[in-house]
Structure formats: structure tokens, C-alpha cells
Amino acid sequence: MENSSNSDENYDVGYQPSPCSTDPNDQSTMSGDSFVYCRTYSSTSVFSEPVDDHHSCCSEASPSCSSHWSTRRSGGVVPQKQALLTRLVTKQCKNSNAGDHQKLDDLESLDLELEMMKERFAKLLLGEDMSGSGKGVCTAITISNSITNLYATVFGQNLRLEPLNPEKKALWKREMDCLLSVCDYIVEFTPKSHNLRNGAAVEIMESRQRSDIYINLPALRKLDAMLIEILDSFQDREFWYAEQGSMSANSTRMGSFRRVVQRNDEKWWVPVPCVPSSGLTEKARKHLRHKRECANQIHKAAMSINNSVLSEMEIPDSYMASLPKSGRASIGDPIYRYMYTTEKFSPEYLLDCLNIASEHEALELADRVEASMYTWRRKACMIHSKSSWSMVKDLMSDVDRSDKNHILAERAESLLFSLKQRYPELSQTSLDTCKIQYNRDVGQAILESYSRVLEGLAFNIVAWIEDVFFVDSTTRNQD
């Protein structure tokens with residue numbers, strides 16, 4: 001098409017057609033554009049409508065122009081030259097309407113985003129029950145599930161150290177901006193001094209984002225951008241990943257002599273990294289160490305925010321009612337004797353003696369320690385008539401520090417903290433799950449779910465880098 005247009009332009013470069021020199025019955029030049037600029041929500045388009053004599057560019061032309069055009073037509077313009085004139089006029093019309101087309105495209109994209117936001121907020125308001133039957137969950141759980149599901153959609157299939165797909169990256173940013181925009185309306189009133197025109201100072205109430213959101217949400221956004229930046233830094237890398245079915249040690253890539261190291265790992269679905277036969281260069285190892293340290297710090301920061309938000313959530317009454325009557329029965333006699341009899345309690349030494357073999361055992365121990373901790377705290381506050389968590393939280397400062405139950409509760413808390421530090425990949429405890437399930441605070445739900453998914457992504461990046469280091473060291477030892 002371009003070649004024919006160029007040849008036609010060279011045919012008669014001296015001819016300058018006027019805008020009125022168009023055939024009102026010739027629509028062949030507009031049919032190619034009628035599909036490009038069609039609107040999404042309408043079956044018709046202003047650019048695909050047939051052009052009639054009343055709306056053509058010759059409808060307001062002078063009689064001389066019309067007679068000139070009719071004379072040229074009756075004289076018999078050659079088809080090649082007639083096609084040239086038609087294309088030139090169409091080109092001029094496109095140039096003059098380029099700005100209008102761009103504006104229409106921008107409006108269409110805004111319409112798409114607006115419709116998407118309407119759908120998202122409708123699901124939030126209806127609690128994921130679009131039927132309107134009233135069987136949906138509360139808004140806090142809905143938005144927590146939305147962030148979790150979005151993370152699984154974008155990062156669920158990304159199991160490698162490589163840049164995120166541009167489409168998924170745009171999806172993550174667009175959807176998270178929509179979900180996090182709810183925080184703009186979770187505000188609190190703070191006093192502020194205001195000077196009037198007459199010089200008098202008055203105190204007014206000013207609204208701003210709630211304190212926990214005002215502090216933690218910008219930090220989480222920064223951690224999010226840093227994690228995406230870490231993945232983008234692996235655009236050019238010296239290692240690669242074996243395809244499915246290439247798990248043996250003798251498998252090759254593209255006919256080269258590079259080897260794939262087999263891992264003895266329970267997670268068989270995770271791709272196995274491959275390195276050159278001589279191993280990674282010092283520059284590549286330095287880059288991996290730096291990114292591992294960055295991801296590790298991000299993981300700690302996200303975990304700290306998540307723990308802080310969970311600690312501020314109210315403990316449901318159902319969990320308090322399910323606590324055992326005795327903390328000793330919950331935690332077991334061996335652990336209880338060590339926690340009660342020793343003068344200098346060391347949670348690290350106790351964990352070393354327990355010889356925890358699996359994540360399941362660690363999670364079970366965490367649940368038992370956490371239950372015993374709140375059992376002892378409740379007993380320490382039994383002098384009060386109410387035993388709800390709100391009363392326990394308010395009255396902990398008045399408890400005698402030398403009380404046996406208080407000491408055991410403090411030691412159980414330190415043991416639980418050390419257990420989570422030693423096993424950072426530990427799943428949520430029963431109390432955390434119960435808090436999230438019964439939480440009704442939308443702001444806390446957003447902060448908790450956002451920090452949780454960032455914590456998981458940072459941990460995965462660290463694990464993927466460790467896999468590359470493992471394969472690199474194994475390859476060097478084999479050589």
C-alpha cells in the first residue's frame with residue numbers, strides 16, 4: 001500500500017488538490033479507518049457513517065470549484081490519478097483530525113478505567129455477591145481477598161528471577177491503585193490552629209488520613225516499587241532456568257555443554273536455575289548478593305508492618321472463649337517446666353532442644369504457645385470482672401510484674417517471637433487467621449493484606465537467589 005502511494009505521489013507532484021476535490025460517493029478511503037476508531041461501548045462510529053452530499057467537504061464549496069470538479073470528471077480523469085487525488089485528500093484530512101482522534105482515544109481509555117473502577121467498587125460494596133441477595137461478606141474481608149487474589153494472579157506463575165511481564169505489571173499497578181484509593185477516605189480529625197483576618201487565633205478540626213494508614217501505606221508503596229525494581233534488574237543475567245522435563249544433571253541447553261544441577265527439594269514445581277560450566281562471574285555474584293540483602297531487608301520491613309497491624313486488631317471473643325483453662329496443658333509439661341523453673345530464660349536454647357523437623361510442627365507449636373500466652377494473660381487479669389481482650393489490653397499495665405502468670409506470658413511471647421524469626425516462612429497462626437476473618441476495619445484489612453503479599457514476594461526473591469547460589473556452588477565443586 002505504501003509503495004503504491006509513493007509511486008502515485010511521484011506521478012504528479014506538482015498538483016495540489018484543494019479540500020473540496022473529493023468524490024462524495026467514494027468512501028473507499030474511509031473504510032480502512034472505520035475499524036480503528038470505533039468506540040468500545042457503541043456499535044456505531046462517527047467515522048464509519050456513510051458520507052452524504054450534505055456533510056461532505058464540497059457541500060460548502062464555491063460554484064467554480066464544483067464546476068471545475070465536474071469538468072474534470074466528465075473529461076475522464078485516469079483511474080491512477082484519481083486514486084492519487086483521493087489518497088492525498090484523505091491524508092490531509094487525517095493530519096487535520098489527528099488531534100481529535102487522539103482525544104477520542106484518551107476518552108475511550110478513561111471510559112474503560114471508569115467502568116473497571118465501578119465494577120471493583122460494586123464488588124466491594126456488595127461483598128463479592130453481585131446477585132444482591134445480601135449473602136456477601138463484609139467490606140474488610142472483600143478487599144483483603146481482592147488484594148490476595150490479585151497477588152496470586154500477577155505473581156502466582158512468576159517463579160523466576162526475571163522482569164515481570166509488562167501487562168501484569170500494568171495490571172498490578174492499576175488494580176492496586178484502585179483498591180488503595182479507599183484509604184483516601186479513611187480519615188481522622190486533628191486540631192489545627194488557624195488565624196483569622198482580624199488576627200484572632202482559633203482552633204479548627206482538620207481531616208487527614210488515619211495515623212496507621214498515613215505512616216504505613218507510603219512505606220508499603222515504597223517497598224512494592226523496590227521489589228519490582230529488583231525483578232527488573234535481572235533483565236540481563238548469566239544464569240537461566242531449565243524447562244520442564246529438563247531436570248536431569250545431563251540435560252543441556254541449545255546444544256551447549258552447560259549443566260543443570262538437580263536439587264533434592266520438596267517443591268518440585270519450582271524451576272531449577274542453570275549456570276555456565278565455569279560458574280557465575282564475580283560481578284554476577286556481587287549483584288546477586290546485593291539484591292538478596294535488599295530483598296531480605298524488605299522482607300523484614302513488611303513482616304514488621306504486618307505484625308504491627310495484626311497486633312492492633314481486636315481478638316475475637318470466639319477465640320478467647322476457645323482458650324484452654326490451663327496454659328500448662330496447652331504448651332506441654334517439658335516446655336512448661338523449662339519456662340517456669342529457669343531463672344534466665346533463653347528461647348533460642350529451648351528451640352534448639354525441641355528439634356523441630358517440619359513447618360507443620362513449627363506452626364503447631366506456635367499455636368500452642370500463643371494460646372498459652374493469652375491464657376496466662378487472662379489469668380493475670382482475673383481480678384477484674386470483664387475478661388474480654390479490650391479489658392485485658394487496657395489493664396496489662398496495672399498487672400503485678402512479679403506475678404507468675406505475667407512472667408510466663410512474657411516468656412511465651414518471647415518464645416513465639418523467636419519461633420517466627422527462625423521460621424520466617426511460617427504460615428499464619430490460628431489467632432492471626434481468626435483476626436483477619438472477624439476484622440471489620442477496612443484500613444487494617446488493606447494494610448495487613450498489602451504487607452502480607454509483599455512479605456511473601458520478598459521471601460520468594462530471597463529463596464530464588466539462594467537457589468542460584470546453591471547451583472553455582474555445586475557447579476564449582478564439581479569442577
Q: Using a 4.5 Å cut-off on heavy atoms from C-beta on, say whether the side chain of T139 contacts that of V182.
A: no
Q: When you measure from the side chain of S414 to the backbone of R411, do you find a donor-acceptor pair of N or O atoms at a distance under 3.5 Å?
A: yes
Q: Kindly compute the distance separating CG (D224) from NZ (K222), expressed to the nearest 0.5 Å.
A: 11.0 Å
Q: I'd like to check K169 versus N165 (side-chain heavy atoms, cut-off strictly below 4.5 Å). Are they in contact?
A: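 No, every pair of side-chain atoms sits at 4.5 Å or beyond.
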Q: Looking at CZ of R208 and CG of D184, how far apart are the two atoms once the value is rounded to the nearest 0.5 Å?
A: 14.5 Å
Q: Look at R292 together with E466 and state whether they make a salt bridge at an N to O cut-off of under 4.0 Å.
A: yes
Q: Do K291 and K286 have side chains that approach each other closer than 4.5 Å (heavy atoms only, starting at C-beta)?
A: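 Contact flag for K291/K286 side chains = no.
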Q: So, for P218 and I213, which heavy atoms are closest and what is the spacing to 0.1 Å?
A: CD-O, 3.6 Å
Q: Mind checking ring-ring contact (aromatic ring centres under 6.0 Å, His included) for Y438 and listing every partner two or more places apart, or none if nothing turns up?
A: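 Scan of Y438 (ring-ring contact (aromatic ring centres under 6.0 Å, His included), adjacent residues dropped) gives none.
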Q: Please answer whether the main-chain N or O of L415 pairs with a side-chain N or O of S418 as donor and acceptor at a distance below 3.5 Å.
A: no
Q: Starting at CG of L365, measure out to OH of Y423 and round the result to the nearest 0.5 Å.
A: 9.0 Å
Q: Please report the interatomic distance CG(L150) to OG(S449), rounded to the nearest 0.5 Å.
A: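 Spacing of CG (L150) from OG (S449) equals 10.5 Å.
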Q: Can you say whether the rings of F155 and W172 are parallel (under 30°), tilted (30 to 60°) or perpendicular (over 60°)?
A: perpendicular
Q: Can you give me the closest heavy-atom contact between S330 and S372, atom names plus distance?
A: OG-N, 4.0 Å
Q: Test I305 against every option in D212, I215, L310, N216 by the side chain to side chain contact (heavy atoms under 4.5 Å, CB included) rule and name the one that passes.
A: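 Answer after filtering D212, I215, L310, N216: N216.
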Q: I'd like to know whether E348 forms a salt bridge (charged side-chain N to carboxylate O under 4.0 Å, His left out) with R422, so could you lay out the CA-CA distance, the side-chain angles of the two residues, the decisive distance to 0.1 Å, and finally the verdict.
A: CA-CA 9 Å; E348 297 295 335; R422 178 170 293 195; 2.7 Å; yes
Q: Donor-acceptor check, side chain of D367 to backbone of T429, threshold 3.5 angstrom: yes or no?
A: no
Q: Which label fits Y336 and Y340: parallel for a plane angle under 30°, tilted from 30 to 60°, or perpendicular past 60°?
A: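 Parallel.
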Q: How close do L454 and L227 get, counting heavy atoms only, and between which atoms?
A: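 It is O-CD1, 3.7 Å.
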Q: Tell me which donor-acceptor pairs under 3.5 Å the side chains of residues 319-329 have, and how far apart each pair is, sequence neighbours excluded?
A:
unit_1: S322; atom_1: OG; unit_2: S318; atom_2: O; d: 3.4
unit_1: S322; atom_1: OG; unit_2: Y319; atom_2: O; d: 2.8
unit_1: S326; atom_1: OG; unit_2: R328; atom_2: N; d: 3.3
unit_1: S326; atom_1: OG; unit_2: A329; atom_2: N; d: 3.4
unit_1: R328; atom_1: NE; unit_2: D333; atom_2: OD1; d: 3.0

Q: Short question: side chain of D472, backbone of L280 - any donor-acceptor pair under 3.5 Å?
A: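 A pair under 3.5 Å: yes.
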Q: Tell me the closest heavy-atom pair linking S211 and E188, and the distance in Å.
A: OG-OE2, 2.6 Å
Q: Ignoring hydrogens and angles, tell me if any N or O in the side chain of N306 forms a donor-acceptor pair with the backbone of E448 under 3.5 Å.
A: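 Yes; at least one donor-acceptor contact below 3.5 Å.
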Q: Test your reading of the model: is there a side-chain donor-acceptor pair from T190 to the backbone of E206, 3.5 Å cut-off?
A: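 Checking the backbone N and O of E206 against the side chain of T190, a donor-acceptor pair under 3.5 Å is found.
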Q: Can you confirm whether more than 12 heavy atoms, excluding those of E229, are under 6.0 Å from its CD atom?
A: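 Open.
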Q: CG/D232 to CD/E162 distance, rounded to the nearest 0.5 angstrom?
A: 11.0 Å
Q: Does the distance from a Lys or Arg side-chain N to an Asp or Glu carboxylate O, for D441 and R210, drop under 4.0 Å?
A: yes
Q: Could you tell me whether a side-chain N or O of D432 sits under 3.5 Å from a main-chain N or O of Q428, the two making a donor and an acceptor?
A: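 Answer holds: no.
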Q: Check whether any side-chain heavy atom of I407 sits under 4.5 Å from a side-chain heavy atom of W376, and report yes or no.
A: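 No; the side chains remain at least 4.5 Å from each other.
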Q: Hey, is R377 close enough to E413 for a salt bridge, meaning N to O under 4.0 Å?
A: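 Looking at E413 together with R377, the answer is yes, because their closest N to O distance falls below 4.0 Å.
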Q: Please check: side-chain N/O of S308 versus main-chain N/O of S304, any donor-acceptor pairing under 3.5 Å?
A: no
Q: Should we say atom CD of E167 is surrounded by more than 12 heavy atoms from elsewhere, each under 6.0 Å from it?
A: no
Q: Could you give all pairs that pass the ring-ring contact (aromatic ring centres under 6.0 Å, His included) test and reach residues 205-238, with sequence neighbours left out?
A: F234-H287
Q: Any Lys/Arg nitrogen of E282 or R289 sitting under 4.0 Å from an Asp/Glu carboxylate oxygen of the other?
A: yes
Q: Is any side-chain heavy atom of V468 less than 4.5 Å from a side-chain heavy atom of W464?
A: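 No, too far: nothing below the 4.5 Å cut-off.
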Q: Please tell me if the side chains of L354 and I335 come closer than 4.5 Å, counting only heavy atoms from C-beta onward.
A: yes
Q: For the atom pair OG (S207) and OH (Y185), what is the distance rounded to the nearest 0.5 Å?
A: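 The distance works out to 12.0 Å.
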Q: Are K300 and E455 close enough for a salt bridge, meaning some N to O gap below 4.0 Å?
A: no
Q: Looking at G456, is its backbone amide N or carbonyl O close enough to the side chain of N460 to form a donor-acceptor pair, meaning the two atoms are under 3.5 Å apart?
A: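 Checked: pair present.
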Q: So, does T341 use its side chain to make a donor-acceptor pair with the main chain of R337 at under 3.5 Å?
A: yes
Q: Show the nearest heavy-atom pair for residues M373 and A409, with the distance to one decimal.
A: CG-O, 3.6 Å
Q: How close do V453 and Y151 get, counting heavy atoms only, and between which atoms?
A: O-CE1, 3.5 Å
Q: Is it true that D467 and R160 make a salt bridge, defined as a side-chain N closer than 4.0 Å to a carboxylate O?
A: no
Q: If we only count heavy atoms from C-beta on, is the L171 to R174 side-chain gap below 4.5 Å?
A: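 Yes; the side chains approach each other to less than 4.5 Å.
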Q: Going by heavy atoms in the side chains, are L350 and F345 under 4.5 Å from each other?
A: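 Answer yes - side chains close enough.
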